[in-house]
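The structure appears below as structure tokens.
Whatever order the structure lists them in is the order used to number ligands and atoms, beginning at 1.
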Amino acid sequence: MESKVKTIGVLTSGGDAPGMNAAVRAVVRSALRKGIRVLGIRRGYNGLMNCDMMEMDERSVSNIINQGGTALYTARCPEFKGEEGIARGVATCKEAGIEGLVVIGGDGSFRGARDLSLAGIPCIGIPGTIDNDIVCTDYTLGYDTALNTAMEAIDKLRDTCQSHDRCSVVEVMGHHCGDIALNIGIACGATAVLLPEKSYDVDADIITRIENTRKTGKKHFIIIVSELMMDVHALAKEIEAKTGIETRATVLGHILRGGAPSVRDRVTATKMGHHAVELLSQGIGNRVVVEENSKITDYDILEGLKMPRKFDEETYQILREVNI
Ligand code: ADP
Ligand code: F6P
């Protein structure tokens, strides 16, 4: 079927995530195959506001499927929020002949995509964030790579922790979503995990769990804390004071955002990028591409953003029962 659009733009926005490059590559090549021209917009909505873009061809996305970060660069662009910013974005699209836009980013970026769609530029969102915090999709690009990066780092911490009979408190990213902390807690055998979705009590949820495990002969402990919950260095001191076990804290931070994307991220990004172009070529906008029950589909952006957040209570209980 002939495409309803002749030129589209693609940008990456918000925090970078491994797999964003694979998504850009899929968007570019799927579009070119349909005879659609593609402009790569640099630094998210900044590039859209300042007309900073480049012509993309098949080879302009060579050798990026295996790279973390984003070759289109990314940014946070507060000026884009609000009527003036949207109007400038629309003006750039009209000037450059952009009839549809693929926005790869998190829920903030999707709010911008919704506003642009309502202003007449059909946009498709692709979920790209290590946090896995976009409620309408089972999966966000970068999450699997971030989990594997965290696992490798924590396995290394375990070596030194075990050698010294110590406790290691590790802070992982996730913004206000505990998915990284919960699943890395399982993968790394953490004695305790603190998540934003669960209220906690240091004595009941950490000290008692360490003491109970200690009675069975365990001498080293890993405690995972999701970011923005507390000062992990202060927590390490409290654990040391209450248990007498030497304790160190490590903040993994932005390490989790880098590195070569995993197979899961490359494949999902490619499918999502292809799906986004399919929608735009049919003249469809204001949708977010999602993975649902292992299938790629899409939702209205606003409806998707409004969906209630589900917490994986079952996995949390398994962690509490097995990591003893
Ligand atoms: P993420 O997309 O990873 O959630 P942010 O929340 O920082 O990251 O959003 C990225 C960018 O999306 C912002 O810098 C801004 O340009 C745009 N944006 C965020 N929220 C809105 C909004 N409510 N309306 C329009 N644009 C927005
Ligand atoms: O949303 C991705 C994320 O990496 C969060 O986990 C973290 O809270 C935030 O971005 C950090 O953002 P910045 O790039 O501003 O340091």
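- The backbone N or O of Gly185 lies less than 3.5 Å from a partner atom in the side chain of Asn323, making a donor-acceptor pair.
- Contact analysis leaves Gly106 out of contact with ligand 2, as no non-hydrogen atom separation drops below 4.0 angstrom.
- Around atom NZ of Lys219, no more than 12 heavy atoms belonging to other residues, nucleotides or ligands sit under 6.0 Å away.
- The protein heavy-atom contact nearest to atom 11 (C) of ligand 1 is Ser13 OG, 3.7 Å.
- Protein heavy atom at the shortest distance from atom 16 (O) of ligand 2 is His254 NE2, 2.7 Å.
- In the displayed structure, Lys218 atom NZ is contacted under 6.0 Å by more than 12 heavy atoms of other residues, nucleotides or ligands.
- Here the shortest heavy-atom pairing between Val277 and Ile8 reads CG2-CD1, 4.3 Å.
- Near Gly15, with a cut-off below 4.0 Å to any heavy atom, the atoms of ligand 1 are 3 (O).
- Counted within 6.0 Å of CD on Glu95, heavy atoms from surrounding residues, nucleotides or ligands total 12 or fewer; the atom is thus considered open.
- Ligand 1 has an N or O atom lying under 3.5 Å from an N or O atom of Ser109, backbone or side chain.
- Here the protein heavy atom with the shortest distance to atom 12 (O) of ligand 2 is Arg257 NH1, 3.5 Å.
- Nearest protein heavy-atom neighbour of atom 14 (O) of ligand 1: Cys77 N, 2.6 Å.
- Ranking the protein heavy atoms by distance from atom 7 (C) of ligand 2 puts Glu227 OE2, 3.2 Å first.
- Interface of Gly106 with ligand 1, defined as ligand atoms under 4.0 Å from a residue heavy atom, comprises 1 (P), 2 (O), 3 (O), 4 (O).
- An N or O contact shorter than 3.5 Å is missing between Arg111 and ligand 1 by distance.
- Geometrically, ligand 1 and Gly82 share no nitrogen or oxygen pair separated by less than 3.5 Å.
- Side-chain atoms of Arg287 come within 3.5 Å of backbone N or O of Asp298 as a donor-acceptor pair.
- Ion pairing of Glu79 with Arg88 is absent here, as no side-chain N (NZ or NE/NH1/NH2) approaches a carboxylate O to less than 4.0 Å.
- Linking ILVMFWY residues whenever their side-chain heavy atoms come closer than 4.5 Å, directly or via other members, places Val172 and Phe311 in the same cluster.
- Taking distance alone, with nitrogen or oxygen atoms compared against 3.5 Å, Ile86 stays at or beyond that limit from ligand 1.
- Regarding atom 1 (O) of ligand 2, its nearest protein heavy-atom neighbour is Asp131 OD2, 2.7 Å.
- Per-residue contacts place Gly112 under 4.0 angstrom from the following atoms of ligand 1 (heavy atoms of the residue considered): 25 (C), 26 (N), 27 (C).
- Heavy-atom proximity to Gly174, at under 4.0 Å, picks out these atoms of ligand 2: 6 (O).
- Among all protein heavy atoms, the one lying closest to atom 19 (C) of ligand 1 is Gly108 O, 3.1 Å.
- When all heavy atoms of Pro261 and Gly68 are compared, the pair lying nearest together is CD-N, 3.7 Å.
- Within 6.0 Å of the CG atom in Asn63, the count of heavy atoms belonging to other residues, nucleotides or ligands does not exceed 12.
- Looking at atom 8 (O) of ligand 1, its nearest protein heavy atom turns out to be Gly14 CA, 3.6 Å.
- Under a 4.0 Å N-O distance rule, the pair Lys237/Asp231 does not qualify as a salt bridge.
- Using a cutoff of 4.0 Å between basic side-chain nitrogens and carboxylate oxygens, Arg114 and Glu303 are not scored as salt-bridged.
- Protein heavy atom at the shortest distance from atom 7 (O) of ligand 1 is Arg76 NE, 2.8 Å.
- Here the closest non-hydrogen pair linking Ala181 and Val193 is O-CG1, 3.7 Å.
- Ion pairing between Arg214 and Glu211 holds under the 4.0 Å rule for side-chain N and carboxylate O.
- Those atoms of ligand 1 with a heavy atom of Tyr45 less than 4.0 angstrom away are 12 (O), 16 (O), 17 (C).
- In terms of protein heavy-atom proximity, atom 24 (N) of ligand 1 is nearest to Asp115 OD2, 3.3 Å.
- Distances from ligand 1 to the non-hydrogen atoms of Asp107 include at least one value under 4.0 Å.
- Among all non-hydrogen protein atoms, the one lying nearest atom 13 (P) of ligand 2 is Arg76 NH1, 3.4 Å.
- Ligand 1 has no nitrogen or oxygen under 3.5 angstrom from a nitrogen or oxygen of Phe80.
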